[in-house]
Amino acid sequence: METVQPLLLFENVRIDAELPSVTVGPVSTQDLVKWAAATSDYNPIHYDKDQAIAQGLPSVVTHGSFKFELLAAMITHWIGPQGQLKRLACRYRGIDVAGDTLTAAGRVTGKTEHNRSIDCEVWVMNQRGEKTVTGEATVMLQRDSS
């Protein structure tokens with residue numbers, strides 16, 4: 001039976017609050033092959049270890065779009081179906097390879113009353129504590145109608 005997520009309201013969000021993190025992994029080469037097929041990104045550095053090493057990489061590398069989607073999933077799960085993800089931007093700061101465990105996380109950095117928007121700092125971190133993706137997100141939430 002599916003549990004109903006409580007409605008996240010604008011008034012209940014506090015600046016500096018941590019977003020609930022989402023962790024995946026260890027990410028396998030098979031996961032990366034499936035992602036390559038789903039996104040039509042068949043660059044061999046994402047599934048062929050020999051090709052990746054020949055290009056100076058330590059192993060097959062995780063797609064940037066995989067990590068971006070991990071951020072999007074973390075945020076949309078936090079805000080629930082009534083919230084709106086208005087903006088998500090990120091910068092790729094490092095590589096992650098097959099075998100890494102990735103955690104998407106973030107914190108609230110600001111609130112704007114007139115349009116019910118919440119600004120967040122977001123990132124993806126591997127099990128070594130390296131933030132390989134950093135970014136920002138803006139969401140809109142409902143107000144308490146009582």
Side-chain angles (χ1 to χ4, degrees), residues 2-47 49 52 55-146:
E2 189 175 324
T3 60
V4 177
Q5 181 177 344
L7 181 62
L8 181 64
L9 298 171
F10 179 83
E11 294 82 5
N12 297 338
V13 175
R14 302 290 173 244
I15 294 176
D16 285 329
E18 291 186 16
L19 308 185
S21 64
V22 172
T23 299
V24 296
V27 177
S28 68
T29 301
Q30 182 177 11
D31 295 329
L32 300 178
V33 168
K34 289 177 184 178
W35 190 262
T39 61
S40 298
D41 181 351
Y42 297 108
N43 188 323
I45 65 170
H46 299 302
Y47 58 85
K49 187 174 183 176
Q55 293 190 37
L57 299 166
S59 187
V60 294
V61 298
T62 305
H63 302 74
S65 61
F66 182 94
K67 297 188 280 186
F68 183 87
E69 178 57 31
L70 184 58
L71 286 173
M74 182 260 309
I75 294 165
T76 56
H77 180 75
W78 172 59
I79 64 176
Q82 302 301 318
Q84 296 176 17
L85 175 57
K86 301 305 274 186
R87 181 179 156 278
L88 176 58
C90 71
R91 291 163 298 287
Y92 301 104
R93 303 285 190 193
I95 62 170
D96 296 295
V97 296
D100 282 346
T101 297
L102 305 176
T103 299
R107 69 176 188 85
V108 175
T109 58
K111 293 175 68 169
T112 305
E113 292 286 336
H114 78 277
N115 66 357
R116 307 176 332 272
S117 69
I118 309 285
D119 294 318
C120 302
E121 171 189 21
V122 296
W123 59 87
V124 174
M125 185 171 23
N126 59 34
Q127 75 278 4
R128 293 177 296 280
E130 302 164 336
K131 288 185 180 178
T132 59
V133 178
T134 59
E136 303 82 33
T138 301
V139 301
M140 287 180 58
L141 299 174
Q142 291 183 0
R143 289 190 186 278
D144 188 358
S145 60
S146 57

Could you check whether any side-chain N or O of [X] sits under 3.5 Å from a backbone N or O of [Y], counting only pairs where one atom can act as donor and the other as acceptor?
X: Y47; Y: L32; value: no
X: K111; Y: F10; value: yes
X: E11; Y: D144; value: yes
X: Q84; Y: M140; value: no

At what distance, to the nearest 0.5 angstrom, does [atom1] of [X] lie from [atom2] of [Y]?
X: Q142; Y: N12; atom1: CD; atom2: CG; value: 12.0 Å
X: W78; Y: E18; atom1: CH2; atom2: CD; value: 12.0 Å
X: L70; Y: S21; atom1: CG; atom2: OG; value: 9.5 Å
X: M125; Y: E130; atom1: CE; atom2: CD; value: 10.5 Å
X: T134; Y: Y92; atom1: OG1; atom2: OH; value: 10.5 Å
X: D96; Y: R128; atom1: CG; atom2: CZ; value: 6.5 Å

Write down the atom of [X], the atom of [Y], and the distance for their closest heavy-atom approach.
X: P26; Y: D31; value: O-OD2, 4.0 Å
X: N126; Y: I95; value: ND2-O, 4.5 Å
X: I79; Y: L85; value: CD1-N, 3.7 Å
X: T109; Y: C120; value: OG1-N, 3.7 Å
X: A52; Y: S59; value: CB-O, 3.3 Å
X: R14; Y: V108; value: O-CB, 3.5 Å

Report yes if some heavy atom in the side chain of [X] is under 4.5 Å from a heavy atom in the side chain of [Y]; otherwise report no.
X: V24; Y: L102; value: yes
X: D16; Y: R107; value: yes
X: I75; Y: V122; value: yes
X: R93; Y: K131; value: no

| message | What I want to check is whether the side chains of W35 and S65 have a donor and an acceptor closer together than 3.5 Å. | response | yes
| said: Could you go through F68 and L88, starting from their C-alpha distance and side-chain angles, then the distance that decides it, and tell me whether this counts as side-chain contact (heavy atoms from CB on, under 4.5 Å)? | reply: CA-CA 9 Å; F68 183 87; L88 176 58; 3.6 Å; yes
| query | For K49, does the NZ atom have more than 12 heavy-atom neighbours from other residues, nucleotides or ligands under 6.0 Å away? | reply | no
